[in-house]
Amino acid sequence: AYAMFTSVENLTVFVGAGYEDVDGADQAYTYDVWANYSFSETFSVAVELSGIEDVVDYSWLVQPTYKVSDKLSVSARL
């Protein structure tokens, strides 16, 4: 299941969750939250957090993007 929110100007938020039952033995819940905010027409920053139930580690991402021109953008992932 997922939901997307765009009611705040320049902000998009995506929330997703899932459940998997593997052969009736293993079960896992997963989640993902992603947001992007546009500071201007040329600069935005996205952040993401995701994980799986019963797994200590989770993953995260910060991604700034700069639009150089109509045909070129520069982005980096941290």
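A quick note: this is a predicted structure, and the numbers were derived from the prediction, not measured.
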Using the rule that two of Ile, Leu, Val, Met, Phe, Trp, Tyr join whenever any of their side-chain heavy atoms come within less than 4.5 Å, decide whether [X] and [Y] are in one cluster.
X     : Y     : value
Tyr2  : Val33 : no
Val15 : Leu61 : no
Tyr19 : Tyr58 : no
Val13 : Val47 : yes

For this session: Could you tell me which non-hydrogen atom of Ser73 sits nearest to which non-hydrogen atom of Lys67, and how far apart they are?
Result: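 The answer is OG-CA, 3.9 Å.
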Exercise. With no hydrogens and no angle check, is any side-chain donor or acceptor of Ser75 less than 3.5 Å from a backbone partner on Pro64?
Worked result: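 Answer holds: yes.
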Identify all side-chain donor-acceptor contacts of residues 4-11 below 3.5 Å with residues at least two apart in sequence or on another chain.
none

Name the atoms and distances for all side-chain donor-acceptor pairs under 3.5 Å in residues 34-41, with sequence neighbours left out.
from, atom 1, to, atom 2, distance (Å)
Ser40, OG, Thr42, N, 3.2
Ser40, OG, Thr42, OG1, 3.3
Ser40, OG, Phe43, N, 3.2

Problem set entry | Rounded distance (nearest 0.5 Å) linking atom CG of Asp32 with atom OG of Ser59 | 7.5 Å
Exercise. Looking at residues at least two apart in the chain, or sitting in another chain, which of them share a side-chain hydrogen bond (donor to acceptor under 3.5 Å, both in side chains) with Thr30?
Worked result: none
